Structures are given as C-alpha cells and as structure tokens.
Amino acid sequence: MISVSQLTKTYQMGENLVAALTGVDFNINANEFVAIMGPSGSGKSTLMNIIGCLDKPTSGHYQLNGQEVAQLDDDALSAVRNKEIGFVFQSFHLLPRLSALQNILLPIRYSEHPDSADEYAQSLLHRVGLHSRQHHRPNQLSGGQRQRVAIARSLINKPAILLADEPTGALDSKTSVEIMQLFTELHQVGQTIILVTHEEEVAAYAQRVIRMRDGGIVEIETRGDTYAA
C-alpha cells in the first residue's frame, strides 16, 4: 500500500538548509496499524505530512498503491487526500456552528458520494457511540466526544488510510484509552491506521512502531521483534 524509499525533505531557513528527513525507508501494508514515534524535531510530523499528500519530498520516492505521489499535480493530490486518506488531528478541527452530524458530513461536500451519505454518517455516529449527540455542537461535547466526531468525519469518505496526528494529545488518560480502543476496533475491521505520537502508552496499541530521531529511522519495532533501521 505505502512504499517509502530514500525519502528526504529539506527546508530553507534563511541562509541555511535544514534537513527534516534524511533518507527514510519503510513499507506499510494494507490493514496494518503503525505508530510513528520520536521527540520534537525528529521528522515524524514532516513524514506524516508527506504520507498525507500535504507536502512533497525533496528527493526519494513515495508510492501509494503503486503510484508515485511526487508525479501528481495539485488536483490529483487533492483527489487522493479526499478519497484515499482520512485525517484525525490533536485539536479536532470541528466547525463550532455545526452539529456533530453536520461536521461529519462536511467532507462529502467535496466528494462524489451518493445521497446515502446521511445514512452512512448516522451509522458512523453509532460506531463511535454518539448517535444520541448527533445534534450537539462541539461546545456541548467533551474532549473525547469531539475527537470521536472527528474520527467519524475522517471515515465518511471510506478512506483506505487513516492518519492520526497526536490524537490523544489534548485528552486525559481515561479518555485517551477510550479513543485508542476505538482505533483498535477500527483496525480489527480492516482499517489501515498510521498514528503519530510521542507517548509509549499510545504506541503500544500499534502492530509496529517506527522510531525516528534527527530526520531518520533509528528502529522499527514489531510486537515481539525489534531491529535497528
């Protein structure tokens, strides 16, 4: 599904060049649950942005379903983001004037999904345990409930990949466990999940952990098996 080879990303900072990624290699198969870990400045967020087609690498290769992403124009990248990838963020990114149901349906405005989207959104609300709160606005929901709405919204276009960037960062410990259990349930029914986190407790839910430092991968840990990259 995802193949990354010798991926680099360099930024111009004044007169200096800063290497955010320095030759990254890995593969992620369909239906995997992978966590990307590393301290601030390790390159994990830059890598997530490239995987999510929000940024392009300076060099190297990123293939999604056999297609070289760097060769896609802006319109094609937008189509990939809309149809293939669902995003979950730390700060939820819900529109305050819309209800939970309306927030979930928002991405449909830019898709080719049929009119049955409303019915599917209702089923997603059931899945995340919020059907009784569908008409509540974000300020009427707890942090965990808002993240559940955001997760449901990320699934509305039936994406092949779910990217979650520090999804528990704004939540307390109990709510974080509930959200990670929800991710686990999604993975168990076949969802591919790539999650960025700096918390070991969160990464423990994943099948594999890719550990980064200074723009490179230093270790890839599969449950029961750890090896240096």
Side-chain angles (χ1 to χ4, degrees), residues 1-2 26 28 30-55 81-82 84-96 98 100-101 103-107 121 124-130 133 136-139 141-212 221 223:
M1 172 172 274
I2 288 176
F26 63 86
I28 295 176
N31 305 333
E32 275 200 280
F33 188 169
V34 176
I36 300 174
M37 288 197 71
S40 177
S42 63
K44 62 184 187 297
S45 293
T46 299
L47 179 59
M48 179 69 96
N49 286 338
I50 292 174
I51 293 173
C53 299
L54 298 170
D55 198 1
R81 286 194 298 269
N82 191 48
E84 299 292 331
I85 303 171
F87 296 90
V88 180
F89 302 99
Q90 177 177 339
S91 54
F92 319 132
H93 292 293
L94 301 179
L95 296 185
L98 299 185
L101 179 61
N103 267 288
I104 292 169
L105 285 167
L106 196 61
L124 288 173
L125 279 164
H126 274 291
R127 179 182 288 185
V128 301
L130 287 178
R133 301 297 184 100
H136 287 59
R137 294 183 178 182
N139 66 354
L141 301 172
S142 68
Q145 289 170 336
R146 279 178 275 171
Q147 191 61 291
R148 287 173 180 269
V149 172
I151 291 170
R153 180 188 58 193
S154 74
L155 296 171
I156 191 66
N157 281 328
K158 302 180 182 180
I161 302 166
L162 189 60
L163 297 183
D165 191 0
E166 299 282 3
T168 62
L171 305 175
D172 60 49
S173 298
K174 179 177 180 295
T175 307
S176 296
V177 169
E178 294 171 354
I179 293 299
M180 292 311 302
Q181 288 173 341
L182 176 57
F183 278 118
T184 299
E185 291 168 8
L186 291 171
H187 172 243
Q188 288 171 343
V189 296
Q191 182 68 56
T192 304
I193 300 173
I194 304 172
L195 180 148
V196 165
T197 183
H198 65 276
E199 300 179 65
E200 292 286 352
E201 296 88 348
V202 171
Y205 286 85
Q207 293 173 300
R208 284 198 294 154
V209 181
I210 297 173
R211 300 182 187 274
M212 299 188 66
E221 175 187 344
R223 288 184 176 177

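In this chain, numbering begins with 1 at the start of the sequence shown. Computed from a predicted model, the values in this text were never measured in an experiment.
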Measure the NE2-CG distance between H136 and L101 for me, rounded to the nearest 0.5 Å. 13.0 Å
Does a salt bridge link E200 with R211, judged by any charged N lying under 4.0 Å from a carboxylate O? yes
Between S176 (side chain only) and D172 (backbone N and O only), is there a donor and an acceptor less than 3.5 Å apart? yes
H198: which residues meet the side chain to side chain contact (heavy atoms under 4.5 Å, CB included) condition with it, sequence neighbours left out? E166
Close side-chain approach of D165 to F87, heavy-atom, < 4.5 Å: no
Is it the case that the side chain of R127 and the backbone of L182 share a donor-acceptor pair, with hydrogens and angles ignored and the cut-off at 3.5 Å? no
For the pair Q147 (side chain) and F89 (backbone), establish whether a donor and an acceptor sit closer than 3.5 Å, ignoring hydrogens and angles. yes
How long is the gap from OG1 on T168 to CD on E201, to the nearest 0.5 Å? 9.0 Å
Flag, side chain of T197 to backbone of E199, donor-acceptor distance under 3.5 Å: yes
Answer yes or no: is there a side-chain heavy-atom contact under 4.5 Å between L54 and M48? no
Show me, pair by pair, the donor-acceptor contacts under 3.5 angstrom made by side chains of residues 34-44, not counting sequence neighbours?
from: S42; atom 1: OG; to: P39; atom 2: O; distance (Å): 2.9
from: K44; atom 1: NZ; to: G38; atom 2: O; distance (Å): 2.8
from: K44; atom 1: NZ; to: P39; atom 2: O; distance (Å): 3.4

Donor-acceptor check, side chain of N103 to backbone of L95, threshold 3.5 angstrom: yes or no? yes
Sub-4.5 Å side-chain heavy-atom contact between R148 and L141: no
Do P96 and N139 have side chains that get closer than 4.5 Å, going by heavy atoms? no
Minimum heavy-atom distance between P167 and V196, given as atom pair plus value: CD-O, 3.9 Å
Could you pull out all residues at least two apart from A152 that satisfy side chain to side chain contact (heavy atoms under 4.5 Å, CB included)? I104, L124, V128
In this structure, OH of Y205 is separated from CD1 of I193 (nearest 0.5 Å) by 12.5 Å
Check the pair F33 / L186 against side-chain contact (heavy atoms from CB on, under 4.5 Å), numbers first and verdict last. CA-CA 10 Å; F33 188 169; L186 291 171; over 6 Å; no
Interatomic spacing from CD in E32 to CD1 in I2 - rounded to 0.5 Å: 9.5 Å
Do F92 and V149 touch side chain to side chain, with heavy atoms closer than 4.5 Å? no
Measuring only between side-chain heavy atoms, which start at C-beta, is L195 closer than 4.5 Å to L162? no
Ignoring hydrogens and geometry beyond distance, is a side-chain donor-acceptor pair present between N49 and T46 at under 3.5 Å? no
Could you tell me whether the side chain of P107 reaches within less than 4.5 Å of the side chain of R153, counting heavy atoms only? yes
Between R208 and E221, is there a side-chain heavy-atom distance shorter than 4.5 Å? no
Kindly give the heavy-atom pair with the smallest separation between L94 and P138, and that separation in Å. CB-CG, 3.9 Å
